[in-house]
Amino acid sequence: MIKESDGSVPVTHTGRVRRRRGSNEVPADVDQSNGTKLLANDQNKYKSMLVRAYSTIWMIGGFIFVVYMGHLYIWAMIVIIQIFMAKELFNLLRKAHEDKQLPGFRLLNWHIFFTAMLFVYGRILSQRLVNTVTTDKFWYKLVGNLIKYHMVTCYFLYLTAFVWFILSLKKKMYKYQFGQYAWTHMILIVVFTQSSFTVANIFEGIFWFLLPASLIVINDIAAYIFGFFFGKTPLIKLSPKKTWEGFIGASVTTIISAFVLANFFGRFQWLTCPRKDLSTGWLQCDPDPLFKPETFALPGWLPDWFPWTEIQILPVQWHALGLGLFASIIAPFGGFFASGFKRAFNIKDFGDSIPGHGGMTDRMDCQMVMAVFAYIYHQSFIVAQSVSLGMILDQIVMNLSYEEQIELYAKLGQYIKDREFGES
């Protein structure tokens, strides 16, 4: 009769513990021992802090460089992050033994992934692509046809994947294959539904991407620092190392930072101007009223030695307070959700691509929640809902062929002439 060693990990006939290839699964006893340890009481916290700080510096430095390069480079960064996230999530339920019996099955997953990428970004960037090539008749017609048949192209690419999946079904593998097929579509929802909002924010103005993303970074760092030095009271069982001290300290820091950073970012036109095409140059535009400073007189009860009698505030700073409030109170629940998900699968991190932080998915959980809110807030409270000349021109350029635009131009000219003649 085979006994269990220490009552925790069963011993197999081969004397080895079976594990999935590439899995970062942790034994239950290790998970339980870490589950009740607060960061303030962790004896290895200084070593882990140095590793985490080193990675954070590199990530922030790279992030600043990409933002400096402009809209297209930020979009490319988002695409790379999506690929890393998809890779980590694909591997989460992967079983090496079953995959060996299904050659090409991983390729099918990536085919569906890139089909979804073509569909999502094609719809978001189609108008900007038209604006980029509108001066060249040949490229304009080519791009116009691509946009016209974009949806049907993506549909047939997906049908190809669907037929591919059906033809690849193998006896005794049905459950695994259908589970992986469903998991692939779940990944598409998690990755694309949220990151598509991020890309939309970028082209509305880098400001609407940079500020929310920065607030999540600040909140995460502040929560770690306050929890590191002062954390004593556990916040939530899903993340035992999170404390109320870290949560409250990070919330105050994030809201103050939102107000200050909005004033700083809002003074750069290349951050606030929307990108209407896919060029790479820096933007200049007439600033939106939200980014035009307003002067406020300070109250008279301030002491004489105080150096200012009035301050300048950008109207967007009041909106930034709403973003800061969400980033500090609601967005962390994206991290709690990810923690619960990892506990359900008994893993420590989604990956190990970022030393001290885990995988890319571990870093983007709160960012995705924040990106959706930033987009909805911008569309609901910032963007004017009335029809503008720019919106009409965008619809004309996107939906009418070159010949139809010429015809519209001629008819509009004739209409204006007839109206002038009638009024005279």
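This structure is a prediction, so every number in the text was calculated from the model and none was measured.
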Problem - OH (Tyr155) with more than 12 external heavy atoms under 6.0 Å - result: no
Practice task
Assign the ring pair Phe203 / Trp75 to parallel, tilted or perpendicular, where the plane angle (0 to 90°) is split at 30° and 60°.
Solution key: perpendicular
Problem - Under 3.5 Å side-chain donor-acceptor pair for Tyr224 and Asn219 - result: no
Problem - Ring geometry between Phe63 and Phe209 (parallel below 30°, tilted from 30 to 60°, perpendicular above 60°) - result: tilted
Handout entry: is_close_aromatic(Phe165, Phe178), centroid dist under 6.0 Å
Key = yes
Practice task
Run the ring-centre check on Tyr68 versus Tyr73 and record whether the distance is less than 6.0 Å.
Solution key: no
Practice task
Check whether more than 12 heavy atoms from other residues, nucleotides or ligands sit under 6.0 Å from atom NZ of Lys342, and answer yes or no.
Solution key: yes
Handout entry: For Ser257 against Leu215, the heavy-atom pair lying closest together
Key = C-CD2, 4.3 Å
Problem - Any Phe65 side-chain heavy atom under 4.5 Å of Ile60 side chain - result: no
Handout entry: Closest approach of Ala331 to Ile216 (non-hydrogen atoms, all atoms of both residues)
Key = CB-CD1, 3.5 Å
Practice task
Tell me whether the centres of the aromatic rings in His319 and Phe381 are closer together than 6.0 Å.
Solution key: no
Problem - Exceeds 12 heavy-atom contacts within 6.0 angstrom, atom CH2 of Trp282 - result: yes
Fill in the blank from the handout: In short, Leu278 meets Thr132 closest at the heavy-atom pair N-OG1, 2.8 Å
Practice task
Please find out if less than 6.0 Å separates the ring center of Phe207 from that of Phe291.
Solution key: yes
Problem - Atom NZ of Lys292: over 12 foreign heavy atoms under 6.0 Å - result: yes
Problem - Pair Trp208 + Tyr377: ring centers closer than 6.0 Å - result: no
Problem - Atom CZ of Arg123 with >12 non-hydrogen neighbours under 6.0 angstrom - result: no
Exercise for the section: Indicate, with yes or no, if the rings of Phe90 and Trp110 have centres closer together than 6.0 Å. Expected result: yes
Exercise for the section: Determine whether Lys175 and Glu98 make a side-chain contact, defined as any pair of heavy atoms from C-beta on separated by less than 4.5 Å. Expected result: no
Practice task
Please check if any side-chain donor atom of Glu310 sits under 3.5 Å from a side-chain acceptor atom of Thr295, or the reverse.
Solution key: no
Problem - Smallest separation among heavy atoms of Pro212 and Gln367, with atom names - result: O-OE1, 4.4 Å
Exercise for the section: Give a yes or no on whether Tyr176 atom OH has more than 12 heavy-atom contacts from other residues, nucleotides or ligands under 6.0 Å away. Expected result: yes
Exercise for the section: Return yes when atom CZ of Phe326 has more than 12 non-hydrogen atoms of other residues, nucleotides or ligands closer than 6.0 Å, and no otherwise. Expected result: yes
Practice task
Walk me through it: do Val79 and Ile83 pass the test side chain to side chain contact (heavy atoms under 4.5 Å, CB included)?
Solution key: CA-CA 6 Å; Val79 171; Ile83 294 174; 4.1 Å; yes
Practice task
Can you measure from OG1 (Thr160) to CD1 (Ile112) and round to the nearest 0.5 angstrom?
Solution key: 10.5 Å
Fill in the blank from the handout: Residues Gly231 and Glu245: closest non-hydrogen pair is CA-OE1, 3.9 Å
Practice task
Could you tell me if the ring centre of Trp164 sits under 6.0 Å from that of Phe162?
Solution key: no
Handout entry: ring-ring contact (aromatic ring centres under 6.0 Å, His included) between Tyr181 and Trp183, worked out
Key = CA-CA 5 Å; Tyr181 191 71; Trp183 180 239; over 10 Å; no
Exercise for the section: Keeping the roles fixed (side chain from Asp99, backbone from Arg106), state whether a donor-acceptor pair exists under 3.5 Å. Expected result: no
Exercise for the section: Could you check whether the rings of Phe268 and Trp270 sit parallel, tilted or perpendicular, using 30° and 60° as the cut-offs? Expected result: perpendicular
Practice task
Answer yes or no: does atom CE of Met59 have more than 12 heavy-atom neighbours from other residues, nucleotides or ligands under 6.0 Å?
Solution key: yes
Exercise for the section: Identify the two heavy atoms, one from Leu108 and one from Ala161, that lie closest to each other, and give their separation to 0.1 Å. Expected result: CD1-O, 3.5 Å
Exercise for the section: In plain terms, say whether Glu403 and Lys141 are close enough for a salt bridge, that is, a side-chain N and a carboxylate O under 4.0 Å apart. Expected result: yes
